[in-house]
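Below: one structure, written as structure tokens.
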Protein chains: 2
Amino acid sequence: MKTNSESFHSILNNVAKHITLTAAEKKFFCSLLRVKKLRKRQYLLQAGDVSRFEQFINTGALRAYYLDEKGHERIVQFGLEGWWIGDMASFFSGLPATLTIEAMEESELFQIERNDFDVLLDKVPKFERFFRILLSNAHIAHQRRLVSHLTGSAQERYLELLAKYPAFEQRIPLRHIASYLGVTPEFLSRMRKRLTKKK
Amino acid sequence: MKTNSESFHSILNNVAKHITLTAAEKKFFCSLLRVKKLRKRQYLLQAGDVSRFEQFINTGALRAYYLDEKGHERIVQFGLEGWWIGDMASFFSGLPATLTIEAMEESELFQIERNDFDVLLDKVPKFERFFRILLSNAHIAHQRRLVSHLTGSAQERYLELLAKYPAFEQRIPLRHIASYLGVTPEFLSRMRKRLTKKK
DNA sequence: AAATTCCATTGATGTAGGTCAAGGAGATCA
DNA sequence: TGATCTCCTTGACCTACATCAATGGAATTT
């Protein structure tokens, strides 16, 4: 665990988006965090294990996916610097996780453990609000994504994704983007070709 | 507002699934509820309005949907007796709702108003836990549904839906089920034909 | 009871996206 | 240095699902 306060800059900024903390509260919050480093391809969480942590991504890139019956990965979320990632269901319920989370690049995370989380909410109730907003945002994001699957074509979804996160195109391998969009790598490859031709 | 305690039986049962209340707390909780009756086709909430209530369905059936750019309805949730329904995002944030919610049958709901909701959480903190579980369950349900769109065929999704909620087949009109599944009514009609033939 | 509207069904045809198989370019390793 | 592996691309063919148009029955209005 680091004590260098500078390193928590990013997570404090993130929290400050929704609630305002005193200096003492910031210090307390940071004291509950632990730093976790992951190598490329390393698991943060495997389906079946209980997720004891929620985490904030300081640097790096991760992906969270389900495995379907045929063993295919279905990516439900990417995570980059400044995002929270975890299996909230498992974290809150204590039941085994259904998601697997894996680093796509070398990454550095800040983790908060389940017990410390309860302590935090107890001592600084503002965090109730913070995490409810986080959960509610995640909920809305899923709802929107579901609708874009009900409504639009794969190409529309791909363009939406690129518009929202232009960095993805360079940074995230094709097959992972395909899995996120719900198409085969072959089809995404063709789509890209079609799109570059049109220019 | 009703005071007949018998009528709140269903919602108290629902709450009891996750937290245990004293008699006094039950009474207090019920005192914050108001009864809302809806005719068939009546709106509970229209996109653009702020959702001031969350609601529990005592009797009846509702549907919650987005309108896409072309004006098509995309159903994201059904609600039957014993379920909660609302636009949580709008309820918590105070921003305009993105969902429209409409009664498919004559329905009776119990509503809790946003201010009363805060009072409730303040006086009976157990409800923090209750609503976090609710939100987290909704989140998981959406995640699963998203995955079933990424993974499976419309027929698989239809069969899953029927397996989970056999009542839907008789009770909910074909075009609404089609919208929920993300297919055209024509295609769902053909699917049903195919499925009945197979028997 | 007729008129009107809404809705499920069916047919004909078109298209987005899947599957399978092969080849090639970059990494990683011996 | 070549050998193996992983990943992207491309081609040929197939299928799930959409679109459009027509029909008839059920429900709602007059």
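Residue numbers start from 1 in every chain, and the chains themselves are labelled A, B, ... in the order their sequence lines are given, proteins ahead of strands.
The side chain of B:Pro173 sits closest to C:dA8 out of C:dG17, C:dA8, D:dC8. Checked against D:dC7, C:dG17, D:dC17, the side chain of A:Arg175 finds its nearest nucleotide in D:dC7.
Here the P atom of nucleotide C:dG17 and the NE2 atom of B:His149 are 15 Å apart, to the nearest Å. D:dC8 atom P lies 18 Å from atom CZ of A:Arg194, rounded to whole Å. Taking atom CZ of B:Arg41 as the reference point, atom P of D:dA27 lies 13 Å away to the nearest angstrom. Nucleotide C:dA16 holds its P atom 16 Å from the CG atom of A:Leu181, rounded to whole Å. In this entry the distance linking CG of A:Leu188 with P of D:dC7 reads 15 Å, nearest Å. In this structure, CD of B:Glu156 is placed 14 Å from C1' of D:dT15, rounded to the nearest angstrom. Distance CE (A:Met191) to C1' (D:dT9): 15 Å, rounded to an integer number of Å. If you measure from atom CG of B:Leu174 to atom P of C:dT10, you get 11 Å, rounded to the nearest angstrom.
For B:Tyr65, there are no ring pair (Phe, Tyr, Trp, His ring centres under 6.0 Å) partners, not counting sequence neighbours. Listed by chain and residue number, nothing satisfies the ring pair (Phe, Tyr, Trp, His ring centres under 6.0 Å) test with B:Phe28 (two or more places apart in sequence, or in another chain). Here A:Phe117 pairs with A:Phe91, A:Phe92, A:Phe131 under the ring pair (Phe, Tyr, Trp, His ring centres under 6.0 Å) rule; sequence neighbours left out. Looking at residues two or more places apart in sequence or on another chain, you find no ring pair (Phe, Tyr, Trp, His ring centres under 6.0 Å) involving A:Tyr43.
When each of B:Phe56, B:Phe29, B:Phe110 is tested with B:Phe8 by the rule ring pair (Phe, Tyr, Trp, His ring centres under 6.0 Å), just one qualifies, namely B:Phe110.
At a threshold of 4.0 angstrom between heavy atoms, the contacts of A:Gly152 with the nucleic acid are absent. Note on A:Pro185: nothing from the nucleic acid sits closer than 4.0 angstrom, heavy atoms only.
Comparing B:Ser189 and A:Arg157 by the nucleotide of DNA chain C that holds the closest heavy atom to each, the one mapping nearer the 5' end is B:Ser189.
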Donor-acceptor contacts under 3.5 Å from residues 72-79 of chain A side chains, at least two apart:
{"residue": "A:Glu73", "atom": "OE1", "partner": "A:Arg63", "partner atom": "NH1", "Å": "2.7"}
{"residue": "A:Glu73", "atom": "OE1", "partner": "A:Arg63", "partner atom": "NH2", "Å": "3.4"}
{"residue": "A:Arg74", "atom": "NE", "partner": "A:Asp68", "partner atom": "OD2", "Å": "3.4"}
{"residue": "A:Arg74", "atom": "NH1", "partner": "B:Leu150", "partner atom": "O", "Å": "3.1"}
{"residue": "A:Gln77", "atom": "NE2", "partner": "A:Trp84", "partner atom": "O", "Å": "3.4"}

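Remark: B:Arg114 does not engage B:Glu54 in a salt bridge, criterion side-chain N to carboxylate O under 4.0 Å.
Between B:Lys193 and C:dT10, a side-chain N or O to OP1/OP2 separation shorter than 4.0 Å is present.
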Protein-nucleotides 19-25 of chain D N/O pairs under 3.5 Å:
{"residue": "D:dT19", "atom": "O4", "partner": "B:Arg190", "partner atom": "NH2", "Å": "3.4"}

